[in-house]
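Since the structure is predicted, the reported quantities are computational estimates derived from the model, not experimental observations. In listed order, ligands and their atoms are each counted from 1.
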Amino acid sequence: MIVVLTGAGISKESGMSTFRDSDGLWERERVEDVATPEGFARNPDKVINFYNGLRRRLPDVGPNPAHRALARLEQALPGKVLVITQNVDDLHERAGSRDLIHMHGELLKQRCSRCGEVMEISGDMDRADSCPSCGRAGILRPHIVWFGEMPLEMETIEEALVRCALFVSIGTSGTVYPAAGFSRLAKAAKAVTVELNLEPTAPEVFTDGRYGPAGSVVPAWVDELLAGRLGYRL
Ligand code: BV8
């Protein structure tokens, strides 16, 4: 079993912003204002506009060779590859990945704060809309995991981390927990841990690392893995 964790860096070459690079999202918006439940309670329209802005970018961006390489890996090893993404874009799906968990939610979904119903959304969110399930108006929110909220599918994720033989971290700064702790959990379970990133984030944790833009590093690494040139027991 191979578990892959991806972060904003894998989508950078597709044109999506990262968070903590010099031109990242958090340079423009305060985390407290747009990525916390308190910020949403304080000013829901500001938060909804922030995510409407990110969602509006999706039709103009597409998967890059890194997303496609991960889909190719899953097709070559059916049932043996799980991608856990911190990203809320749909680029992994559009590249063909199927066994995929969005642990921080999805831009293309909204949720009813009252009944919990999750529904697809492609255009702008409008808070005046009613929940199609419970009928109440004014209680819809982005289906995004904010700071202080529990990431999604954590049980499935933890099971995969203790079972995997190979853990690969791609395009993430390793800043946000619990995702930032996954490499250590996998290492403790005797998995080989590999980092594919622009720069090293935790050299003491990763068995191996390849550094450079994901669009070239990830396809090259996947090709070597599939050609059996990396010597990992899968
Ligand atoms: C929780 C959603 C508990 C919205 C996001 C003190 C210490 C430790 C932890 C905490 C603490 N205080 C609070 C916490 C917990 C907190 C946390 O970890 N805070 C950090 C900042 C200290 N975590 C939480 O609150 C989490 N929840 O803990 O719940 C709980 C328990 C019980 C019951 C209830 C609750 C929730 C975290 C989720 C927050 N939501 N986003 C949105 O996406 O807009 S987090 C946000 O950061 C994104 O999801 C993003 O994915 C994530 C991580 O960022 P990265 O993806 O790594 O992006 P970043 O810009 O940082 O880095 C990019 C990387 O790519 C860099 O390394 C760069 O070099 C590289 N790169 C750039 N270009 C390329 C590239 N690599 C390759 N190729 C390139 N071209």
Can you find an N/O atom of [X] closer than 3.5 Å to an N/O atom of ligand 1?
X	result
A8	yes
A214	yes
V145	yes
F147	no
A35	no
N197	yes

Quiz item: Is the NZ atom of K80 crowded by more than 12 outside heavy atoms at less than 6.0 Å?
Solution: no
Within the 4.0 Å heavy-atom shell around [X], which atoms of ligand 1 are there?
X	answer
E13	78 (N), 79 (C), 80 (N)
E199	67 (O), 69 (O)
G171	63 (C), 64 (C), 65 (O), 76 (N)
G7	56 (O)
I144	2 (C), 4 (C)

Practice problem: Identify the two heavy atoms, one from G62 and one from S14, that lie closest to each other, and give their separation to 0.1 Å. | Solution: O-OG, 2.8 Å
Quiz item: Going from OG on S11 to NE2 on H67, what distance comes out if it is rounded to the nearest 0.5 angstrom?
Solution: 3.5 Å
Exercise. Flag the pair V176 / H104 as yes when at least one side-chain heavy-atom distance between them is below 4.5 Å, and no otherwise.
Key: yes
Practice problem: State, yes or no, whether a side-chain contact exists between L230 and V194 at a heavy-atom distance under 4.5 Å. | Solution: no
Quiz item: Going only through I, L, V, M, F, W and Y residues with side-chain contacts under 4.5 Å, is there a path from V145 to F50?
Solution: no
Quiz item: Hey, any chance L82 and L185 share a hydrophobic cluster, counting ILVMFWY side chains that come within less than 4.5 Å of each other, even indirectly?
Solution: yes
Exercise. Dump the intermediate steps for side-chain contact (heavy atoms from CB on, under 4.5 Å) on E224 and R210, then the final yes or no.
Key: CA-CA 12 Å; E224 284 189 57; R210 301 283 176 85; 3.1 Å; yes
As a check for students: among [options], identify the option with a heavy atom nearest to [atom].
atom	options	value
atom 34 (C) of ligand 1	E29, H102, M150, H104	M150
atom 26 (C) of ligand 1	W146, Y211, Y177, Y51	Y177
atom 29 (O) of ligand 1	E106, K12, E149	E149

Quiz prompt | Mutual orientation of the aromatic rings belonging to F167 and F206 [parallel < 30°, tilted 30-60°, perpendicular > 60°] | solution = parallel
Practice problem: Determine, for E204 against R184, whether the closest basic-nitrogen to carboxylate-oxygen distance falls under 4.0 angstrom. | Solution: yes
Self-check item: ligand 1-proximal atoms of V176, by part, heavy-atom distance under 4.0 Å
Solution: both
